[in-house]
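Just below is one structure, and these are the notes that go with it.
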Amino acid sequence: MTLKDNDLWKTFSSVRLALLIISLLAITSIIGTILPQGEPFSFYIEKFGARNAIIFDILAFDDMYYSYWFRALLIVLCLNLIVCTYTRLPGTLKIIKKDNSNVDTRKFQLGKDCFKFDTTCDKTTAVGSVTKALEKLHLKAKQKDSGKEHLFFYERGAWTRLGAYFVHLSILIIVLGAIIGNIYGFKASVMVPEGSSVDFVFSRDDDNKRIPLQFDIFCKDFNIDYYKDGTPKEYKSDLTIVEDGKEVVKKNITVNAPLTYKGITFYQSSYQQIPNEFSVQISKQNDKDYGGRSSQSRNFSTKTKIANSWDEAQATFKIVATSKDGHGHGPYEILFDDEDKKPATFTTNDNDPTVIKRESGTYTFLINQRFATGLQVVKDPGLWIVYIGFGVMLFGLFVCFFTSHRNIWISITGDDMTTTVFVGGKSNKNLHGLSKTVEEIASILQSDKSLELRRV
Amino acid sequence: MESSQLLGITTFIYLAATFFYVAFAFFKVKGLGILATSATLLGLWVNTTGIGLRWMETYQQGIGHIPLSNMYESLIFFALSIAAVYLVIEHLYKTKIFGSFVLPFAFIAMAYASYSAEFGKDVKPLLPALQSNWLVAHVITCFIGYAAFAISCGLAIYYLAKIMSSNNQNSPKNEEAAIGTVSLAKIDDIIYKMMIFGFIWLTAGIITGAIWANSAWGTYWSWDPKETWSLITWFAYALALHARYTRGWNGTRMSIVALVGFISVIFTYYGVNFLLSGLHSYGG
Ligand code: HEM
């Protein structure tokens with residue numbers, strides 16, 4: 001018994017199995033769109049009762065897309081594709097390589113795609129006319145003369161019979177890319193406070209295991225831009241990659257514009273306010289000359305109700321209170337004093353420079369809530385394979401549906417009295433396009449005055 | 001004039017076009033056919049202008065973006081795609097007989113967009129995750145695909161109606177007897193071609209969506225209900241292609257598949273937003 005007679009092999013090479021598997025995939029996929037996925041067991045007990053919850057657990061309905069049975073379906077689909085391709089490809093290749101010029105044009109049925117004409121001109125004239133007609137339509141045909149018959153043969157797109165194979169191959173490529181990503185990649189996340197760096201991230205799949213990085217990722221700044229109506233417009237983190245003490249990459253990342261370094265990509269995914277931590281920048285424009293400098297400034301990192309002093313300017317300040325604006329921080333109430341010793345309170349908003357006029361000079365006060373940026377960290381070495389699969393799939397579909405394998409024969413036979421011109425074609429798809437071309441050739445020949453064709 | 005007014009008018013033009021096509025199908029008066037096509041062209045033009053105007057409005061409000069970012073805007077684009085693809089078919093196949101089964105889809109999409117209270121119609125700023133050219137490509141490709149499926153569904157209804165009213169056997173080959181100007185075999189062929197055309201665009205839509213998701217979140221596929229339903233729809237049409245190719249499904253069977261496939265499309269597009277929860281922002 002050879003492999004091809006094996007029942008299992010036959011099953012796996014059949015399209016019937018493909019229909020079954022694709023149906024099963026489509027139908028079972030619905031379950032996971034209705035039943036919430038990845039919740040704890042208690043959630044299902046509460047919502048569906050203990051018995052159902054146990055059934056769900058056994059059938060892995062709570063995490064069905066990653067369950068063994070769903071993966072098994074995908075594997076069967078792939079095996080089906082591989083076996084099916086293996087059994088059918090040789091036949092297709094044979095068709096592609098076949099020399100189609102050796103046909104008996106007399107066996108063609110006359111109709112839309114096949115015309116026959118008689119003329120009293122001799123063969124040589126007819127051959128000349130046909131050559132001209134083909135040139136006019138830019139069809140490069142091969143020629144053969146057996147003495148009895150002069151044959152023009154045009155063939156195009158034999159390889160397009162591989163279209164479906166490209167589509168099927170692309171599915172395998174995508175699955176391969178996904179598997180590689182699963183095995184050799186990771187998905188993780190990390191919060192990086194402004195002004196700090198991290199050299200590890202937390203795995204998302206693997207119980208928050210720490211994954212070390214080969215470099216430091218430093219967040220200089222995190223910012224949210226808002227539209228006028230208060231909805232967020234942009235989340236932006238100013239990131240720097242530091243490796244061996246050197247800054248190697250610097251980039252502002254936003255949602256949809258991540259940063260990739262050494263195969264690891266950092267996505268802007270969330271943020272956090274660090275409770276009760278603020279950065280403050282005060283600058284002073286001196287009216288009097290202070291040691292030759294007319295302005296000076298200083299940064300503080302502070303909390304509420306803590307007195308900060310800026311000795312050089314003899315200034316002190318304290319955040320007395322903060323309340324919440326629409327975005328969760330500010331306005332702030334600040335108690336301020338300087339060498340004039342006339343304590344005063346003022347209010348300021350987050351990231352909103354506020355000018356304070358004092359006798360000793362003009363201060364500008366800028367306060368910012370300190371944030372931590374939330375990064376999604378992904379390593380996916382299979383990604384480019386998946387993307388190649390996407391490309392191959394689109395290419396394959398294009399080939400399947402917009403190209404065809406087309407053959408056109410023009411045969412000229414004749415004795416001393418009459419010459420017969422036959423124009424005919426065959427195509428595996430797009431029959432309409434073929435008919436049009438054949439008709440075009442026929443009509444050019446018919447309008448050729450030197451030939452005087454009569455349709456048979 | 002505001003875009004919403006123009007788009008409201010579009011609704012009525014598509015309705016008028018539908019009436020003209022139906023009238024044409026009944027009375028077979030050439031003038032009615034010309035009127036129907038003209039109305040569709042006008043509808044397409046007003047629809048396009050409406051979208052253009054809305055695009056300008058987003059800029060006037062300082063939040064400029066192509067209007068393809070919520071349920072309302074996507075429905076409008078859906079209607080536009082249906083009318084545009086339909087006109088191409090009418091031109092290619094030189095028959096106006098399908099109009100009465102296709103234009104209602106454009107009309108319903110527009111009417112639903114204009115008169116439903118379920119979703120907002122205001123020009124809204126784009127959330128950070130939605131600011132991506134991949135998203136634009138995603139929406140455009142998906143909706144061209146959906147439009148093709150809508151048309152294949154409309155023709156399938158036509159096919160089934162013809163079969164039922166004539167009680168013929170279901171093989172289109174037996175029914176070369178021309179109905180109007182188009183044989184059942186031809187309708188069957190166009191239904192299939194529309195499914196193929198839709199399949200390619202849906203594939204491109206799923207792929208661009210995956211690339212967008214990857215650029216925003218670092219995962220090209222997360223089995224979110226909307227993604228999953230688009231895959232289910234994709235499987236359904238893949239099934240139809242194979243059943244036709246290898247088991248010779250056509251005629252009535254294929255028409256039913258076209259119907260079921262489109263129900264899946266509707267569910268992917270609409271049902272998921274309103275019945276299930278997920279990542280997609282449409283419907284907000
Ligand atoms: C979801 C998965 C699949 C997709 C998207 C897919 C897609 C396609 C497409 C687009 C075609 C071309 C149809 C045409 O030219 O009209 C095709 C043909 C075909 N498919 Fe699939 N396919 C899938 C799975 C399978 C499987 C698992 C098999 C296994 C037997 C299979 C067997 C075939 C065969 C035999 C053909 C005809 C090939 C030919 O043109 O010679 N397909 N497929």
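Below, chains carry the letters A, B, ... as their sequence lines are ordered, and counting in each starts from 1.
Rounding to the nearest 0.5 Å gives a distance of 5.5 Å between CD1 of I232(B) and OG1 of T33(A). With rounding to the nearest 0.5 Å, the separation of CG in L231(B) from CG in L25(A) is 8.0 Å. Put simply, CD1 on I200(B) and CG on L397(A) are 5.5 Å apart, with the number rounded to the nearest 0.5 Å. Note: K429(A) NZ to I196(B) CD1 = 8.5 Å, rounded to the nearest 0.5 Å. Within the model, atoms NZ of K187(A) and OG of S222(B) stand 9.5 Å from one another, a figure rounded to the nearest 0.5 Å. The line from CG of L394(A) to OG1 of T208(B) is 9.0 Å long, rounded to the nearest 0.5 Å.
Counting heavy-atom pairs under 4.5 Å between each of E234(A), Q268(A), Q376(A), R16(A) and chain B puts R16(A) at the top. Interface summary for chain B: among Y235(A), F398(A), Y387(A), the most heavy-atom pairs under 4.5 angstrom belong to Y387(A). Of all the listed residues (A216(B), A238(B), A204(B)), the one sharing the greatest number of non-hydrogen pairs under 4.5 Å with chain A is A216(B). Chain B forms more heavy-atom pairs under 4.5 Å with one residue of G181(A), A18(A), S23(A) than with any other, namely S23(A). Ranked by heavy-atom pairs under 4.5 Å with chain A, the first of T233(B), I207(B), I206(B) is I207(B).
Using a 4.5 Å cut-off between heavy atoms, S132(B) touches chain A through backbone and side chain atoms alike. Contact of T219(B) with chain A is made through backbone and side chain together, with heavy-atom distances under 4.5 Å. With a 4.5 angstrom heavy-atom cutoff, F402(A) touches chain B only via side-chain atoms. The part of W234(B) that comes within reach of chain A is its side chain, from C-beta onward, which places non-hydrogen atoms under 4.5 angstrom from that chain. Within the 4.5 angstrom heavy-atom criterion, atoms from both the backbone and the side chain of A178(A) approach chain B. For T254(A), no part lies near chain B; criterion is any non-hydrogen pair under 4.5 Å. There is no contact between V377(A) and chain B, counting heavy-atom distances below 4.5 Å. Of the two parts of I211(B), the backbone and the side chain both hold a non-hydrogen atom closer than 4.5 Å to a non-hydrogen atom of chain A.
Put simply, the side chain of Y227(A) gets close to the backbone of L126(B): a donor and an acceptor are under 3.5 Å apart. In this structure, the side chain of Q131(B) engages the main chain of K233(A) through a donor-acceptor pair within 3.5 Å.
Dense packing is recorded around CG of D225(A), with more than 12 heavy atoms of other residues, nucleotides or ligands lying under 6.0 Å away. More than 12 heavy atoms of other residues, nucleotides or ligands sit less than 6.0 Å from atom CH2 of W221(B). Atom CZ of F43(A) sits in a crowded spot, with more than 12 heavy atoms from other residues, nucleotides or ligands closer than 6.0 Å. The number of heavy-atom neighbours closer than 6.0 Å to CH2 of W69(A), taken from other residues, nucleotides and ligands shown, is above 12.
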Chi angles and distances behind the side chain to side chain contact (heavy atoms under 4.5 Å, CB included) call for N256(A), W212(B): CA-CA 8 Å; N256(A) 277 312; W212(B) 166 51; 3.6 Å; yes

Residue pair W217(B), S269(A): steps toward the side-chain hydrogen bond (donor to acceptor under 3.5 Å, both in side chains) verdict: CA-CA 7 Å; W217(B) 297 288; S269(A) 86; over 6 Å; no

Intermediate values then yes/no, side chain to side chain contact (heavy atoms under 4.5 Å, CB included), D380(A) and Y220(B): CA-CA 10 Å; D380(A) 187 352; Y220(B) 48 84; 3.4 Å; yes

Pair I27(A)-F235(B), side chain to side chain contact (heavy atoms under 4.5 Å, CB included): steps then yes or no: CA-CA 9 Å; I27(A) 292 165; F235(B) 280 143; over 6 Å; no

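The heavy-atom pair separating P258(A) from S215(B) by the smallest distance is CD-O, 3.8 Å. L239(B) approaches L19(A) most closely through the heavy-atom pair CD1-O, 3.4 Å.
Against chain B, the residues from residues 60-67 of chain A that qualify, each with a non-hydrogen atom under 4.5 angstrom away, are Y65(A), Y66(A) in number order.
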